[in-house]
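The structure under discussion appears below in the form of structure tokens.
Protein chains get the first letters and strands the later ones, always in sequence-line order, with residue 1 at the start of each. Predicted model, so just to flag it, every value in this text is computed and none were measured.
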Protein chains: 2
Amino acid sequence: MKKIEQRLTENGVRPTAMRLLIYKYLAEKEVAISLTDIEAAFAKAERTTLYRTLRTFEEKKIVHQIDDGTGIQKYALCEPGCDCNLEQDLHLHFLCNNCDETVCLTEHKIPHINLPEGFVAEDANLVLKGICDKCSGQ
Amino acid sequence: MKKIEQRLTENGVRPTAMRLLIYKYLAEKEVAISLTDIEAAFAKAERTTLYRTLRTFEEKKIVHQIDDGTGIQKYALCEPGCDCNLEQDLHLHFLCNNCDETVCLTEHKIPHINLPEGFVAEDANLVLKGICDKCSGQ
DNA sequence: GACAATAATGCACTTCCGTTGCATAGGTCA
DNA sequence: TGACCTATGCAACGGAAGTGCATTATTGTC
């Protein structure tokens, strides 16, 4: 918990009890988490607080937002030292059609794409859908 | 208009007046269209009708749905003969941060990705964001 | 051409999720 | 301690997708 506190402080986020818990929750889960997920896990807390905590985390580069095509925004912890805006840190995400969980494949960067004349890419999002390792193993 | 009628019939969609107009609209626009766009263009028509028309078109492989990360579902005409479910027909989309328009880059297929053991990909979505050719030209 | 069956359209309403405004509680610093 | 700033809680809004049901149009059959 001390480590989490330090991580938050380093990134310019005041380590309140709520935030520590949310960070811990994100760290334990190895998949991308939606606001609704968190809400279910912290029934006592306000949705708004959770929402704003996630946004704060995102602004401070503690989590990155994931759009996996479900229409629901999800979040996952950033790797320490990663800057999710840089092309080299853009990794792909995998959405399982079976368990509906989305995981970061941080080792798999998005390949560079040659665009037609006139197009300038600043950001990229690649989502693969299918069956994840947990579900295919059975 | 006869051609459109034929296209719809071939794909098993009854060519009503409404549908012909919507198809025509999609064909003229060269960018991905949201339900709200269409609603604005056809002020007289019901949202539900437009919504269901788009869904029907999608089911019958006349349009494909695009998730460009804006949280708004968009649609664009499929190339004749394309099967948007097949890996070889999966192309990437480009969302312009300046004009907010999303275009299909049908010539640019999504590269094949080697996934970790246990992951089986069935579908893929790649969206690049940046400045499009129209906006960068100025 | 008239009729029944089927499909498309229009209207009302719901749900889900993200988002904001404002009041209150809590922590920080002089 | 008191003033200030930040975080939290509560209430409400708004956009977009989606559904149920009645009505209208279209098709096939006799």
Residue pair B/Gln73/B/Pro15 against DNA chain D: nearer the 5' end by closest nucleotide is B/Gln73
To the nearest Å, how far apart are B/Leu8 CG and D/dT26 P?
-> 15 Å
Donor-acceptor pair, side chain of A/Asn125 and main chain of A/Asp67, under 3.5 angstrom = yes
The single option from A/Lys3, A/Glu10, A/Lys2 passing side chain to side chain donor-acceptor pair (under 3.5 Å) against A/Gln6 = A/Glu10
Main-chain N/O of A/Val13 paired with A/Asn11 side-chain donor or acceptor, under 3.5 Å = no
Whole Å only: how far is the CD atom of B/Glu59 from the P atom of C/dA8?
-> 10 Å
Atom-to-atom span, CD1 of B/Ile72 to P of D/dG15 - whole angstrom = 11 Å
Taking B/Lys109 for its side chain and B/Thr106 for its backbone only, find out whether a donor-acceptor pair lies under 3.5 Å.
-> yes
State whether the side chain of A/His108 and the backbone N or O of B/Asn114 hold a donor-acceptor pair below 3.5 Å, judged by distance alone.
-> yes
A/Pro116 backbone acceptor or donor facing B/Asp133 side chain under 3.5 Å = no
Shorter than 3.5 Å, N or O on both sides, protein versus nucleotides 6-9 of chain D: list them out with atom names.
{"from": "D/dA7", "atom 1": "OP1", "to": "A/Arg19", "atom 2": "NH1", "distance (Å)": "2.8"}
{"from": "D/dA7", "atom 1": "OP1", "to": "A/Arg19", "atom 2": "NH2", "distance (Å)": "3.1"}
{"from": "D/dA7", "atom 1": "O5'", "to": "A/Arg19", "atom 2": "NH2", "distance (Å)": "3.3"}
{"from": "D/dT8", "atom 1": "OP1", "to": "A/Thr16", "atom 2": "OG1", "distance (Å)": "2.8"}
{"from": "D/dG9", "atom 1": "OP2", "to": "A/Thr49", "atom 2": "OG1", "distance (Å)": "3.0"}
{"from": "D/dG9", "atom 1": "O6", "to": "A/Arg52", "atom 2": "NH2", "distance (Å)": "2.6"}

Would you mind reading off the distance between A/Arg47 atom CZ and C/dG18 atom C1', rounded to a whole angstrom?
-> 7 Å
A/Arg19 side chain to A/Arg14 backbone, donor-acceptor under 3.5 Å = yes
With sequence neighbours excluded, residues passing salt bridge (Lys or Arg N to Asp or Glu O under 4.0 Å) with B/Glu58 = none
In numerical order, the residues of residues 63-71 of chain A whose heavy atoms come under 4.0 Å of DNA chain C are none
Specify the separation, in whole Å, of atom CZ of B/Arg55 and atom C1' of C/dT9.
-> 15 Å
Taking CG from B/Leu50 and C1' from C/dG10, how many angstroms apart are they, rounded to a whole number?
-> 11 Å
What pairs with A/Glu46 under side chain to side chain contact (heavy atoms under 4.5 Å, CB included), at least two apart in sequence or on another chain?
-> A/Thr48, A/Thr49
Rounded to whole Å, the CZ-C1' distance (B/Phe42 to C/dG10) equals 16 Å
Pairs of donor and acceptor atoms involving the side chains of residues 31-44 of chain B, under 3.5 Å and at least two apart or interchain, shall be tabulated with distances.
{"from": "B/Ser34", "atom 1": "OG", "to": "B/Thr36", "atom 2": "N", "distance (Å)": "3.4"}
{"from": "B/Ser34", "atom 1": "OG", "to": "B/Asp37", "atom 2": "N", "distance (Å)": "3.1"}
{"from": "B/Ser34", "atom 1": "OG", "to": "B/Asp37", "atom 2": "OD1", "distance (Å)": "3.4"}
{"from": "B/Ser34", "atom 1": "OG", "to": "B/Asp37", "atom 2": "OD2", "distance (Å)": "3.1"}
{"from": "B/Asp37", "atom 1": "OD2", "to": "B/Ser34", "atom 2": "N", "distance (Å)": "2.9"}

Within residues 28-40 of chain B: residues closer than 4.0 Å to DNA chain D (heavy atoms) | B/Leu35, B/Thr36
Crowded around A/Glu122 CD? As in, over 12 foreign heavy atoms under 6.0 Å?
-> yes
